[in-house]
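Notes follow once the structure below has been shown.
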Amino acid sequence: MELSAEYLREKLQRDLEAEHVEVDDTTPNRCASSFRVLVVSAKCEGKPLLQRHRLVNTCLAEELPHIHAFEQKTLTPEQWARDRQKQGTWTSTAIKL
């Protein structure tokens with residue numbers, strides 16, 4: 001398995017039946033050891049934040065041991081629509097650790 005932003009995006013989109021997924025490799029040299037993800041899925045509906053994050057962590061259980069830093073944001077489709085109206089799309093910036 002070779003980790004990449006595209007690989008993670010496809011897996012999250014498929015396994016969580018996500019409406020929208022963004023994955024950014026935030027590693028300074030893009031060596032795929034640090035990621036920031038946004039997942040918009042109906043599977044998040046009615047779940048508190050911790051359960052939403054567990055959904056993502058379970059989906060990526062094989063990959064997470066190989067990732068140094070992982071940041072996630074999980075939203076329902078309704079929350080995503082509301083956030084986009086307020087702020088525009090979610091944009092990411094690399095965080096230097």
Side-chain angles (χ1 to χ4, degrees):
M1 158 193 46
E2 185 171 325
L3 285 179
S4 69
E6 184 62 20
Y7 171 84
L8 295 177
R9 187 192 67 73
E10 288 175 3
K11 184 168 186 180
L12 288 165
Q13 195 150 30
R14 179 185 63 244
D15 293 358
L16 298 180
E17 301 169 10
E19 178 178 307
H20 182 81
V21 177
E22 293 180 23
V23 180
D24 293 316
D25 182 347
T26 57
T27 314
N29 60 358
R30 301 289 187 234
C31 67
S33 65
S34 179
F35 294 95
R36 172 184 282 175
V37 303
L38 166 67
V39 176
V40 180
S41 173
K43 289 189 174 191
C44 292
E45 290 180 20
K47 292 180 175 52
L49 184 63
L50 184 58
Q51 286 182 347
R52 293 175 183 198
H53 285 194
R54 284 182 181 150
L55 282 173
V56 172
N57 293 347
T58 299
C59 176
L60 300 179
E62 292 179 26
E63 293 79 12
L64 286 176
H66 307 286
I67 296 174
H68 174 71
F70 187 73
E71 179 183 346
Q72 62 179 290
K73 183 174 184 177
T74 51
L75 300 171
T76 65
E78 181 181 320
Q79 289 171 320
W80 172 241
R82 197 171 41 233
D83 278 6
R84 285 179 34 190
Q85 287 177 347
K86 283 189 225 174
Q87 304 170 6
T89 59
W90 183 65
T91 58
S92 60
T93 56
I95 298 172
K96 293 191 179 189
L97 303 175

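The first residue in the sequence is number 1, and the count goes up from there.
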Taking all atoms of both residues into account, what is the closest heavy-atom pair of [X] and [Y], and its distance?
X: Asp25; Y: Ser33; answer: OD1-N, 4.4 Å
X: Cys59; Y: Glu63; answer: O-OE1, 4.0 Å
X: Glu19; Y: Pro77; answer: OE1-CB, 3.2 Å
X: Thr27; Y: Ser34; answer: OG1-N, 2.9 Å

_Could you check whether any side-chain N or O of Ser41 sits under 3.5 Å from a backbone N or O of Leu16, counting only pairs where one atom can act as donor and the other as acceptor?_
yes
Just verifying a value: how many Å separate [X] [atom1] and [Y] [atom2], rounded to the nearest 0.5 Å?
X: Arg84; Y: Gln79; atom1: CZ; atom2: CD; value: 14.0 Å
X: Phe35; Y: Arg9; atom1: CZ; atom2: CZ; value: 13.0 Å
X: Gln51; Y: Lys43; atom1: CD; atom2: NZ; value: 14.0 Å
X: Leu38; Y: His20; atom1: CG; atom2: NE2; value: 5.5 Å
X: Lys73; Y: Leu49; atom1: NZ; atom2: CG; value: 11.0 Å
X: Asp83; Y: Glu78; atom1: CG; atom2: CD; value: 11.0 Å

Validation row: [X], [Y] side chains within 4.5 angstrom (heavy atoms):
X: Leu55; Y: Thr74; answer: no
X: Val39; Y: Gln72; answer: no
X: Tyr7; Y: Val23; answer: no
X: Lys47; Y: Cys44; answer: no

*Apply the test side-chain contact (heavy atoms from CB on, under 4.5 Å) to residues Val21 and Val37: give CA-CA distance (whole Å), side-chain angles for both, the deciding distance (0.1 Å), then the verdict.*
CA-CA 7 Å; Val21 177; Val37 303; 5.6 Å; no
*asked:* One pair to check against side-chain contact (heavy atoms from CB on, under 4.5 Å): Glu22 and Val40. What are the steps and the verdict?
replied: CA-CA 9 Å; Glu22 293 180 23; Val40 180; over 6 Å; no
*Go through the structure and list residues passing side-chain hydrogen bond (donor to acceptor under 3.5 Å, both in side chains) with Arg54, not counting sequence neighbours.*
none
*asked:* Side-chain heavy atoms nearer than 4.5 Å, only ILVMFWY residues, links allowed to pass through others: does that put Leu64 and Leu8 together?
replied: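 Yes.
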